[in-house]
Amino acid sequence: MFRTREDLAHIDGTVLAFLDGLEEPIGLWEPSVDRWAVNGRWANLFGLTDPTELRTAEDFLSLAGQTDLRWLDDWRRGNLAKPTEFDFIRMAGDARTVRLTAHACTRGQDGLPSVLMIRVEDITTATSMRLALLETERRFRDLAANIPGAIFRYVMHPDGRHEIEYMSGGCEAIWEIDAKSLQSDPAPLWDMIDPEDLPRVQEAVVRSAETLSDWSCVFRVTTTSGTRKHLHGSGKPQRLDDGGTLWNSLVLDISEQVRTERELQRLSTRDDLTDLPNRTLFKEYVDQRCKTARPGAVGVLFIDLNDFKYVNDTLGHANGDAILAEFARQLQASLPNTAILSRLGGDDFAVLVEGDQGDSAVIDAATIVEMVCARPFQTTSQPIHQPIHLKASLGAALMPFDGNEADSLLRCAEAAMYKAKREKHPGVRFFEAAIHGEFKERLDIEHSLSRALENQELTLHYQPQVCLRAGRVIGCEALVRWPESYPTRVSPSRFIPIAEETGLIRPLGRWVLDTACRQIAEWRREHDLRIPVAINFSALQFTAGDVLSDIKAALERHGLDYPDIEVEITETATMAELEAVLPILGRLRDLGCSIAIDDFGTGYSSLSYLKRIPVTHLKLDQSFVHDLHEKDAITIARTIALLGQQMGLTLIAEGVETREQEAILRDMGYDHAQGFLYSRAVNAEDFGQWALKAATTAGS
């Protein structure tokens, strides 16, 4: 190859100088003699200070930490196409990755390379980035495989071709189709979209491609198995170099979410017990009809099942609910298909009707309600011979005469219903302008009563009861009074019925009981006044509460005993709820309470009923006392006196205002009396002073 050693040295120097002038790491290798020559950049890359230190393949292999000679053998044989990559640790201690590429500079007569030029690339950074990218892609695929949805890269080419570059495993779960088959032809995905939703989805994708704005759409699909699903798709577009569009997209199966939302929507607009529209949905229906119907064609019928709380109290709420559900079912089945029945809450229902004559349609609906109410209702736990017959109070309002929207029509229909209830009006009562004032007054009283109870603003007054024979005070009756500080005074005859209708009677009754017991205890401490106090009880306190526990708690709280109070209940209320009231009255009588039937003579009791009631006192209604100058009133008063005497009952006359009335009643045999002749109902302090004075006068 070289003739003399001097020639060799000269050539080596020339070659090394040439190599050092190159901008990249370059080396020469003569396989036949295993001689290497590298430039300074090569030496620096591998951590050498002197390029001449690398003379042989063995030197290089040792420097690079390589033991595999196969790639050198491949180069000797002329297999130069495949670059060689390997990692090594430089002398400085840092790790590097390089790629070696060999090129034949000269070849021998055998065609094999005689001199190889070897290029070295430091690919440490590129390799790290590639590995990091591979790791990122691996993590992405792992993440995509665990996301409950379909992740895919969708491409739309300028020539109109569609392609899917990548699909996660969730795609198969959602569409139930092999992902690989879709990559070249995604048309089956579009075929699954509901025909009604397809134009909307296509429009969203096209708009996204044109504007490079994100697309998002909810649509329905039918999978290959026939399953209907709701999907939510979204994608972020980017423009490709060829003018096409690529979307990184996510599709989620929201079928369960849609079902949940629909169920929540149903629960928010339907009544749980009857599945009828609730008040919210009913008002929407009314407002819709009011916008489209002609005047006078829309009516609202308000239905209140009278005294249904007694059904709940007697049979239990489970049976009460069963009867309400059956009532709703039968009424729904009986009404015209155009009518909309709603359960507003509790035992209140409403019907929206529409017809050429709205009032006629309302009357027809009211007739159907009464017909359904007249049917016997039973539950599985009731005896066969005790069916329940319902009664309803019905009020109605018409559009536009009573309002043009749901709130006003319902308010007017409810006001008419309350008017019908108070008047015991048969059939349906239509709203009239005068009713509005009455209804507003009723609402004002209800609100004021509730506030007065909450703030303890009511007061108790006490009216004395005197002995007609001895003239001494033998007791008093506690009477609740409206707050004097309120601008409008309301009589008990007005607010007590409202309290009973609204359920406020129960907290009101407990307050009266506790206040009266506290006053009895105070009179004893301050005046040594020991007289029983008569306390009025509503039938609702017996049927819808635990009156025995209330009485026991109040007596114990104030250190009293059962004989210290007298329980008064009206004749009408007692008779109406006799079966529920009797056991409680019997228990109170056994414990030592006096039991008085108030307003006796105005109800519809019979002697057989009176015999069953554990009563100790009869109170003659003041209407008979007032008319004692009339023959019929005298006859009734005398008959009641004889009845009470025969049954061993104490007789009390209410409303005594004159000495003449007092004398007549005394002659008839009445034991006690109360009325303006002796005193009006006064506050607790005044009554205490009056009672002490009366006791002193009687004693003298």
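Scope of the values below: all heavy atoms of this structure, side chains included, with no hydrogens, waters or symmetry mates.
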Does any N or O in the side chain of [X] come within less than 3.5 Å of the main-chain N or O of [Y], such that one atom is a donor and the other an acceptor?
{"X": "R343", "Y": "G346", "value": "yes"}
{"X": "Q661", "Y": "E657", "value": "yes"}
{"X": "D321", "Y": "A318", "value": "no"}
{"X": "D561", "Y": "P563", "value": "no"}

I'd like to check [X] versus [Y] (side-chain heavy atoms, cut-off strictly below 4.5 Å). Are they in contact?
{"X": "L305", "Y": "L324", "answer": "yes"}
{"X": "P277", "Y": "R270", "answer": "yes"}
{"X": "E660", "Y": "L628", "answer": "no"}
{"X": "K391", "Y": "D307", "answer": "no"}
{"X": "L677", "Y": "T658", "answer": "no"}
{"X": "D627", "Y": "H629", "answer": "yes"}
{"X": "M371", "Y": "T367", "answer": "no"}
{"X": "S342", "Y": "L352", "answer": "no"}

Can you name the closest pair of heavy atoms from [X] and [Y] and give their distance?
{"X": "I613", "Y": "L582", "answer": "CA-CD2, 3.7 Å"}
{"X": "A420", "Y": "L394", "answer": "CB-O, 3.7 Å"}
{"X": "C412", "Y": "D402", "answer": "SG-O, 3.4 Å"}
{"X": "G299", "Y": "V362", "answer": "CA-CG2, 3.9 Å"}
{"X": "I474", "Y": "P532", "answer": "O-CD, 3.4 Å"}
{"X": "Q541", "Y": "N536", "answer": "OE1-O, 4.2 Å"}

Does either side chain, that of [X] or that of [Y], offer a donor lying less than 3.5 Å from an acceptor on the other one?
{"X": "Q689", "Y": "E685", "value": "no"}
{"X": "Y462", "Y": "Q519", "value": "no"}
{"X": "D304", "Y": "S393", "value": "no"}
{"X": "E477", "Y": "Q463", "value": "no"}

- Task: Compute both the distance and the angle, then confirm whether R279 meets the cation-pi test with F282: under 6.0 Å from the six-membered ring centre, within 45 degrees of the axis.
- Result: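 No, a cation-pi geometry is absent between R279 and F282.
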
[X] [atom1] to [Y] [atom2] distance, which is reported to the nearest 0.5 Å:
{"X": "L341", "Y": "L344", "atom1": "CG", "atom2": "CG", "value": "9.0 Å"}
{"X": "L468", "Y": "E662", "atom1": "CG", "atom2": "CD", "value": "6.0 Å"}
{"X": "R666", "Y": "R469", "atom1": "CZ", "atom2": "CZ", "value": "6.5 Å"}
{"X": "F537", "Y": "I595", "atom1": "CZ", "atom2": "CD1", "value": "9.0 Å"}
{"X": "D621", "Y": "E654", "atom1": "CG", "atom2": "CD", "value": "6.5 Å"}
{"X": "L508", "Y": "S450", "atom1": "CG", "atom2": "OG", "value": "11.0 Å"}

- Query: Does the pair F377 and V372 meet the rule for a side-chain contact (heavy atoms from CB on, under 4.5 Å), with working shown?
  - Reply: CA-CA 10 Å; F377 290 88; V372 173; 4.0 Å; yes

- Query: Is it the case that more than 12 heavy atoms not belonging to H461 sit under 6.0 Å from its NE2 atom?
  - Reply: yes

- Query: What do you reckon, is CZ of R680 surrounded by more than 12 foreign heavy atoms closer than 6.0 Å?
  - Reply: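 Count not over threshold, so no.
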
- Query: salt bridge (charged side-chain N to carboxylate O under 4.0 Å, His left out) between E446 and R442: does it pass, once the steps are laid out?
  - Reply: CA-CA 6 Å; E446 179 184 346; R442 181 188 180 281; 3.5 Å; yes

- side-chain contact (heavy atoms from CB on, under 4.5 Å) between R411 and E414, intermediate numbers included: CA-CA 5 Å; R411 185 168 57 251; E414 185 177 9; 5.8 Å; no

- Task: Dump the intermediate steps for side-chain contact (heavy atoms from CB on, under 4.5 Å) on L301 and F349, then the final yes or no.
- Result: CA-CA 8 Å; L301 176 67; F349 294 81; over 6 Å; no

- Message: Could you check, using the six-membered ring where one of them is a Trp, whether W523 and F687 have ring centers closer than 6.0 angstrom?
- Response: yes

- Item | Residue pair R329, E326: steps toward the salt bridge (charged side-chain N to carboxylate O under 4.0 Å, His left out) verdict | CA-CA 5 Å; R329 188 192 67 78; E326 180 60 17; 2.6 Å; yes

Please list, one pair per line, the donor and acceptor atoms closer than 3.5 Å that link side chains of residues 488-500 to other protein atoms, with sequence neighbours excluded.
from: S491; atom 1: OG; to: S493; atom 2: OG; distance (Å): 2.8
from: E500; atom 1: OE2; to: S538; atom 2: OG; distance (Å): 2.8

- Query: Given H672 and C467, is the side-chain contact (heavy atoms from CB on, under 4.5 Å) satisfied, shown in steps?
  - Reply: CA-CA 5 Å; H672 306 148; C467 176; 4.3 Å; yes

- Task: Take R481 and E484 through the salt bridge (charged side-chain N to carboxylate O under 4.0 Å, His left out) test and state the conclusion after the steps.
- Result: CA-CA 8 Å; R481 291 292 183 263; E484 295 183 359; over 6 Å; no

- Item | Partner residues of H558 under the side chain to side chain donor-acceptor pair (under 3.5 Å) criterion, sequence neighbours left out | D514

Report all side-chain donor-acceptor pairs from residues 631-653 shorter than 3.5 Å, counting only partners two or more places apart or in another chain.
from: T635; atom 1: OG1; to: K631; atom 2: O; distance (Å): 3.0
from: T639; atom 1: OG1; to: T635; atom 2: O; distance (Å): 2.7
from: Q645; atom 1: NE2; to: M668; atom 2: O; distance (Å): 3.1

